[in-house]
Amino acid sequence: MRTAPWLLTAVLGLAACGGEDPVDELADHPEAEQPGEPGSTDPGSAPTGPIPDPSMWRPVSGVARFEGTPPVRRAFNITEGVCLKHHTGDVLTEDYLIADGKVQNVIVFVQRGLPDGMLHPAPDTLFELDQLGCVYDPHVFALRAGQEILLANSDDTAHNVRTASVRRNGTVNANVPPMQRTQKIVFERAEMPVKLVCDIHPWMSSFFGVFDHPYFVVTGADGAFALDPLPPGNYVLRAWHEELGRIDQDVVVTPDGAAALEFVFKAAK
């Protein structure tokens, strides 16, 4: 059990199969952040003092919407039969999953405002990242620092899982043989976002966030999100999307009722 939610001291350096150092493909990404920068997942001026009684905590929920005409999803140029056998028709990119104005795969999380002294032990549950049809499943996810990730491979072909941008957690470059479900990795420190790629199948990618608190969620097809109850206070919530960027909103949590937010994304001009 760690002693404080933002006490980050360990650096993970894991290189399971060697290879080149990760290419920092997120360096020019509009949401890439260096540790300690304004807007990073460091707590900033978190409030101090006694934490209110849990009976006063309230949830924060809402929806991620898109305004305008959604961008068109492209088709991957996949020619390998071992990959195509799991798909019917074109295999489309998952960067713009937008239906009825609702945005999927948005990571919504508390960026600032958590009181000092809150303890957030990492869960014992295993998070599974599968590779099926030469596509990562899920494409976007989030988990806790210190939580194990199972690198599953449901394909009849080998994959490798490599971090394409590493700012806090060292290097990850792991070979995953066909039909294997034994490889595990752990990210010990908070980092947002991280991109995974497969050098064997260059169209494969996945984005995720690592948090040292439990107040995060990834939107589903309905764009909805709901965070666990928070102590009364002033918070900054962030909604992050791999292509649409990020939106920050202030929210005041009071004992009087649940808070609701709406994050509205727009296409780049």
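Quantities reported herein were computed from a predicted structural model and do not represent experimental measurements. Excluded from the calculations below are hydrogen atoms, water molecules and symmetry mates; all remaining heavy atoms, backbone and side chain alike, are included.
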Sub-3.5 Å donor-acceptor pair from the side chain of D155 to the main-chain atoms of G133, do we have one?
yes

Taking disulfide bond (SG atoms under 2.5 Å apart) as the cut-off, I'd like each qualifying pair that reaches into residues 130-210, sequence neighbours left out, listed once.
C83-C134

Whether the side chain of N153 engages the backbone of V176 through a donor-acceptor N/O pair (distance < 3.5 Å, no angle test) should be reported.
yes

Taking all non-hydrogen atoms of both residues, which atom of F76 and which atom of L92 are closest, and how far apart?
CE1-O, 3.6 Å

So do V140 and V106 actually touch side chain to side chain, heavy atoms under 4.5 Å?
no

Taking all non-hydrogen atoms of both residues into account, name the closest pair between G209 and I107 and its distance.
N-CD1, 4.0 Å

N173 and N160 side chains, donor-acceptor separation under 3.5 Å:
yes

Examine distances only and state if a side-chain atom of R168 and a backbone atom of A190 form a donor-acceptor pair shorter than 3.5 Å.
yes

Without swapping roles, check the side chain of R238 against the backbone of F109 for a donor-acceptor pair under 3.5 Å.
no

Between N169 and E188 (side chain of the first, backbone of the second, donor and acceptor by atom type, cut-off under 3.5 Å), is there such a pair?
yes

Please check this pair: side chain of T93 against backbone of R74, looking for a donor-acceptor N/O pair closer than 3.5 Å.
yes

For residues 121-133, which residue pairs pass the side-chain hydrogen bond (donor to acceptor under 3.5 Å, both in side chains) check, not counting sequence neighbours?
T125-Q147, E128-R181, D130-S154

Side chain to side chain contact (heavy atoms under 4.5 Å, CB included) with D222: which residues, sequence neighbours excluded?
A224

Between S206 and L196, is there a donor-acceptor pair closer than 3.5 Å when you use the side chain of the first and the backbone of the second?
no

How would you list, by chain and number, every residue that makes a side chain to side chain contact (heavy atoms under 4.5 Å, CB included) with A260, sequence neighbours excluded?
none

Stepwise side chain to side chain contact (heavy atoms under 4.5 Å, CB included) check, V166 with V172:
CA-CA 8 Å; V166 179; V172 172; over 6 Å; no

Ring centres of F263 and F225 under 6.0 Å apart?
yes

Taking all non-hydrogen atoms of both residues into account, name the closest pair between F187 and I185 and its distance.
CE1-CD1, 3.6 Å

Between K102 and R65, is any pair of side-chain heavy atoms under 4.5 Å apart?
yes

Using side chain to side chain contact (heavy atoms under 4.5 Å, CB included) as the criterion, list what pairs up with P177, not counting sequence neighbours.
Q180

ring-ring contact (aromatic ring centres under 6.0 Å, His included) pairs, two or more places apart, involving residues 123-160:
F127-F141, F141-F208, H159-H201

Give the minimum heavy-atom separation between A226 and V217, together with the two atoms involved.
N-CG1, 4.2 Å

